[in-house]
Peer 1: 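Before we start, here is the structure in question, set down as structure tokens.
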Amino acid sequence: MDHFNYKDGVLCAEDVPLTLIAQEVGTPVFVYSTATLTRHFRVFQEALSWTPDHLICYAVKANSNIAVLKLLGDLGAGMDVVSIGEYARARTAGVPGDRIVFSGVGKTRDEMRLALEGGIRQFNVESEPELLALSEVAVSIERVAPIALRVNPDVDAKTHEKIATGKSENKFGIPIARAREVYAQAATLPGIEIVGVDMHIGSQLTDLDPYRQAYGKMADLTRALRSDGHDIRRLDLGGGLGIPYRRDNNAPPLPIEYGQVIRETVGDLGCEIEIEPGRNIAGNAGVLLSTVIYRKHGEGRDFLILDAAMNDLIRPAMYGAHHDIVPVMEHAPGTERSSFDVVGPVCETGDTFAKGVELPGMAEGELVAFRSAGAYGAVMSSEYNTRPLVPEVLVDRDRFAVIRPRPSLDEMLTREALPDWF
Ligand code: LLP
């Protein structure tokens, strides 16, 4: 459930008509709903309410705006970060280091040092070389790095190949068959303290079975590691639970059902449970608002050319992803609908959001919204074609604020410098 609904014929974010935001901030613009972000976070809290010992570490990569992080942090969220940049955002949003886990296959020594100095809950370590580097860094600054090893369970997450991470051919984690050996090595290293086990098998999972398999393997591994003498007290189960991108009856499982799978598979181990949801919290809490620039007659098809493009929302071009595209002004039932290929102004055929979309009306200047754009939208945007980074707005009931302004052309151009020999 989200808080983007039509009221008096206009699509609103909570109580704010999107027409008002378009007027005041311009388009394209991402708009997020406080109530939806809050609700989604609470749904995960409920899903894990069977154990008081849990931390929901929001995956910052999904939407890393500092206002969004502060909102979630203030609700009690921890954070899962994958770079020192994300770590800095989380800290700037007021999240304490002991609620931040550091994931990612390629942490640099500098990143390790800064996180250790700043305070960190745990590093999710993905390889032996990384383990050795972390040990060296920790020793050099006289700190101890709490770690979980990310284990690759070789489970098919049955999702898009670009976002599946739990198969042995993927670059992620330590093969489960070698996990005991690497834990034994970790236990001998100075500056390293083993606290748990970590897994993340992929994103946009629409089936609970892969989770059941992976977490079952994690439970077996935990027992084996304990019998080897390791104090495994924390399980990081990753993120990845999918969201409905289409408003039909094929919705992915609910967080509450996911929470039950966790309980059934690892609930009896007495470990603290961490999860890292990103998309499920932010995805349906945001829309991308855009204006129709032209309606163009093509050969056998009509194009709707928007002021949003692939640089603003790259998911359709990158993953063939679907986002519902809806008019902001509600049209009377029975209004004639036409079929459009919805495209942006970028000079690539790949800058196509969707083909054959049935939309009513659609004149130049009309507003449309891409639903489910709160996760992996703004964070993946770029300035390709020298288009300004798309701004972000946060709505809270009947008020809204710009939480990332659109840069001016001047700001964009003055960031660059000519070599002094020119
Ligand atoms: N934890 C780790 C270690 C991850 O790598 C990810 C996502 C998450 C948690 C959060 O997964 P989520 O709950 O959001 O599914 N850009 C792609 C998605 C990439 C996901 C990468 N890792 C997209 O737009 O679909």
Side-chain angles (χ1 to χ4, degrees), residues 2-7 9-33 36 63 65 67-68 282-296 303-317 323-331 340-348 351-354 357 359-395 399-412:
D2 62 47
H3 294 76
F4 296 91
N5 295 305
Y6 290 95
K7 290 181 190 166
V10 185
L11 188 61
C12 293
E14 304 190 20
D15 298 328
V16 180
L18 292 177
T19 42
L20 182 63
I21 294 175
Q23 225 170 52
E24 298 211 354
V25 187
T27 60
V29 56
F30 282 100
V31 181
Y32 310 131
S33 151
T36 313
N63 183 325
N65 189 290
V68 170
N284 282 322
V287 298
L288 171 62
L289 186 59
S290 175
T291 304
V292 175
I293 307 179
Y294 299 117
R295 193 179 159 154
K296 170 174 165 174
F303 295 99
L304 209 55
I305 304 177
L306 304 182
D307 65 356
M310 63 190 288
N311 69 296
D312 305 311
L313 179 66
I314 204 173
R315 302 194 68 259
H323 287 261
D324 277 349
I325 302 170
V326 296
V328 168
M329 301 304 294
E330 206 169 22
H331 289 256
F340 296 102
D341 285 7
V342 182
V343 302
V346 160
C347 306
E348 291 198 29
D351 187 22
T352 298
F353 290 116
V357 185
L359 288 164
M362 289 299 120
E364 285 176 19
E366 201 154 331
L367 292 169
V368 295
F370 292 80
R371 289 192 184 269
S372 316
Y376 306 112
V379 284
M380 295 180 82
S381 61
S382 75
E383 291 182 345
Y384 186 39
N385 279 207
T386 308
R387 292 167 47 82
L389 270 193
V390 65
E392 296 170 279
V393 162
L394 183 66
V395 170
R399 56 188 177 176
F400 68 93
V402 175
I403 55 174
R404 178 172 85 180
R406 192 188 315 276
S408 69
L409 273 181
D410 242 17
E411 282 166 327
M412 290 168 70

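The structure displayed is predicted, hence computed values, not measured ones.
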Peer 1: Can you tell me how far OG of Ser381 sits from CD of Glu392, rounded to the nearest 0.5 angstrom?
Peer 2: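 Reported value, rounded in 0.5 Å steps: 7.0 Å.
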
Peer 1: Would you say the side-chain atoms of Ser290 pair up with the backbone N or O of Leu306, donor to acceptor, closer than 3.5 Å?
Peer 2: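 Flag not set: sc Ser290 to bb Leu306 has no pair under 3.5 Å.
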
Peer 1: With sequence neighbours excluded, tell me which residues meet salt bridge (charged side-chain N to carboxylate O under 4.0 Å, His left out) with Lys296.
Peer 2: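 In terms of salt bridge (charged side-chain N to carboxylate O under 4.0 Å, His left out), with neighbours along the sequence ignored, Lys296 is linked to no residue.
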
Peer 1: Kindly determine whether Asp15 and Lys7 satisfy side-chain contact (heavy atoms from CB on, under 4.5 Å), including the steps that lead there.
Peer 2: CA-CA 8 Å; Asp15 298 328; Lys7 290 181 190 166; 2.7 Å; yes

Peer 1: Distance from Gln23 atom CD to Leu367 atom CG, nearest 0.5 Å?
Peer 2: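 The CD atom of Gln23 sits 9.5 Å away from the CG atom of Leu367.
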
Peer 1: Provide the closest heavy-atom pair for Val25 versus Arg406 in the form atom of the first, atom of the second, distance.
Peer 2: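 Looking at all heavy atoms of both residues, the closest pair is O-NH2, 3.3 Å.
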
Peer 1: State, to 0.1 Å, how close Tyr32 and Ile403 come at their nearest heavy-atom pair, and which atoms those are.
Peer 2: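 What the structure gives for the nearest pair is CD1-CD1, 3.8 Å.
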
Peer 1: To the nearest 0.5 Å, what is the distance between CG on Leu359 and NE2 on His331?
Peer 2: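 That separation rounds to 8.5 Å.
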
Peer 1: Any non-hydrogen side-chain atom of Pro327 less than 4.5 Å from a side-chain atom of Tyr6?
Peer 2: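 They are in contact (side-chain heavy atoms under 4.5 Å apart), so the answer is yes.
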
Peer 1: Nearest 0.5 Å, what's the OG1-CG distance between Thr36 and Asn284?
Peer 2: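 Reported value, rounded in 0.5 Å steps: 8.5 Å.
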
Peer 1: Evaluate the side-chain contact (heavy atoms from CB on, under 4.5 Å) criterion for residues Ser33 and Asp2: first the C-alpha distance (whole Å), next the side-chain angles of each, then the deciding distance (0.1 Å), finally the verdict.
Peer 2: CA-CA 8 Å; Ser33 151; Asp2 62 47; over 6 Å; no

Peer 1: Is any side-chain heavy atom of Arg295 closer than 4.5 Å to a side-chain heavy atom of Phe340?
Peer 2: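 Yes - at least one pair of side-chain heavy atoms lies under 4.5 Å apart.
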
Peer 1: What heavy-atom pair brings Ala67 and Asn65 nearest, and what distance separates the two atoms?
Peer 2: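 Taking Ala67 first and Asn65 second, the nearest heavy atoms are N-OD1, 2.8 Å.
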
Peer 1: So, taking the atom named CG in Leu304 and the one named CD in Glu364, what distance separates them when rounded to the nearest 0.5 Å?
Peer 2: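 Between atom CG of Leu304 and atom CD of Glu364 there are 10.0 Å.
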
Peer 1: Donor-acceptor pair, distance only, cut-off 3.5 Å: does the side chain of Asn63 make one with the backbone of Ala282?
Peer 2: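 Between the backbone of Ala282 and the side chain of Asn63 there is no qualifying donor-acceptor contact (under 3.5 Å).
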
Peer 1: What residues form a ring pair (Phe, Tyr, Trp, His ring centres under 6.0 Å) with Phe370, not counting sequence neighbours?
Peer 2: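 Phe353.
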
Peer 1: Assess whether side-chain contact (heavy atoms from CB on, under 4.5 Å) is satisfied between Val328 and Val10, documenting all intermediate values.
Peer 2: CA-CA 6 Å; Val328 168; Val10 185; 4.1 Å; yes

Peer 1: Using every non-hydrogen atom in the two residues, find where Val395 and Phe400 come nearest and quote the distance to one decimal.
Peer 2: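 Here Val395 and Phe400 meet closest at CG2-CB, 3.8 Å.
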
Peer 1: Closest approach of Pro28 and Val390, non-hydrogen atoms and distance?
Peer 2: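 Result for this residue pair: O-CG2, 3.2 Å.
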
Peer 1: Identify, with sequence neighbours excluded, every residue that meets ring pair (Phe, Tyr, Trp, His ring centres under 6.0 Å) alongside His3.
Peer 2: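 By the ring pair (Phe, Tyr, Trp, His ring centres under 6.0 Å) rule, His3 matches no residue at all.
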
Peer 1: With a cut-off of 6.0 Å (strictly less than), are more than 12 heavy atoms of other residues, nucleotides or ligands near OH of Tyr294?
Peer 2: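 It does not: Tyr294 OH has 12 such atoms or fewer within range.
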
Peer 1: For residues Ser372 and Asp324, determine if any side-chain heavy atom of one lies less than 4.5 Å from a side-chain heavy atom of the other.
Peer 2: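 When only atoms from C-beta onward are counted, Asp324 and Ser372 do not touch, as no gap falls below 4.5 Å.
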
Peer 1: Step by step, work out the side-chain contact (heavy atoms from CB on, under 4.5 Å) result for Arg371 and Leu11.
Peer 2: CA-CA 11 Å; Arg371 289 192 184 269; Leu11 188 61; 3.9 Å; yes

Peer 1: Does one side chain, of Thr27 or Asp307, offer a donor that lies under 3.5 Å from an acceptor on the other?
Peer 2: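 Asp307 and Thr27 do have a side-chain donor-acceptor pair below 3.5 Å.
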
Peer 1: Looking only at heavy atoms, what is the nearest atom pair of Met362 and Val292, with distance?
Peer 2: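 Closest approach of Met362 to Val292: SD-CG2, 4.1 Å.
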
Peer 1: For residues 373-380, dump all side-chain donor-acceptor pairs below 3.5 Å to protein atoms at least two apart in sequence or in another chain.
Peer 2:
none

Peer 1: For the residue pair Met329 and Pro360, establish whether any side-chain heavy-atom pair is separated by less than 4.5 Å.
Peer 2: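 No, their side chains stay 4.5 Å or more apart.
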
Peer 1: Suppose we screen for side-chain hydrogen bond (donor to acceptor under 3.5 Å, both in side chains). Which residues come up paired with Arg387, at least two apart in sequence or across chains?
Peer 2: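 Asn311, Asp312.
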
Peer 1: Who passes side-chain contact (heavy atoms from CB on, under 4.5 Å) against Glu411, sequence neighbours left out?
Peer 2: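 Glu411 satisfies side-chain contact (heavy atoms from CB on, under 4.5 Å) with Pro407, Ser408 only.
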
Peer 1: I need the Thr291 OG1 to Ile305 CD1 distance, nearest 0.5 Å.
Peer 2: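 Spacing of OG1 (Thr291) from CD1 (Ile305) equals 13.5 Å.
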
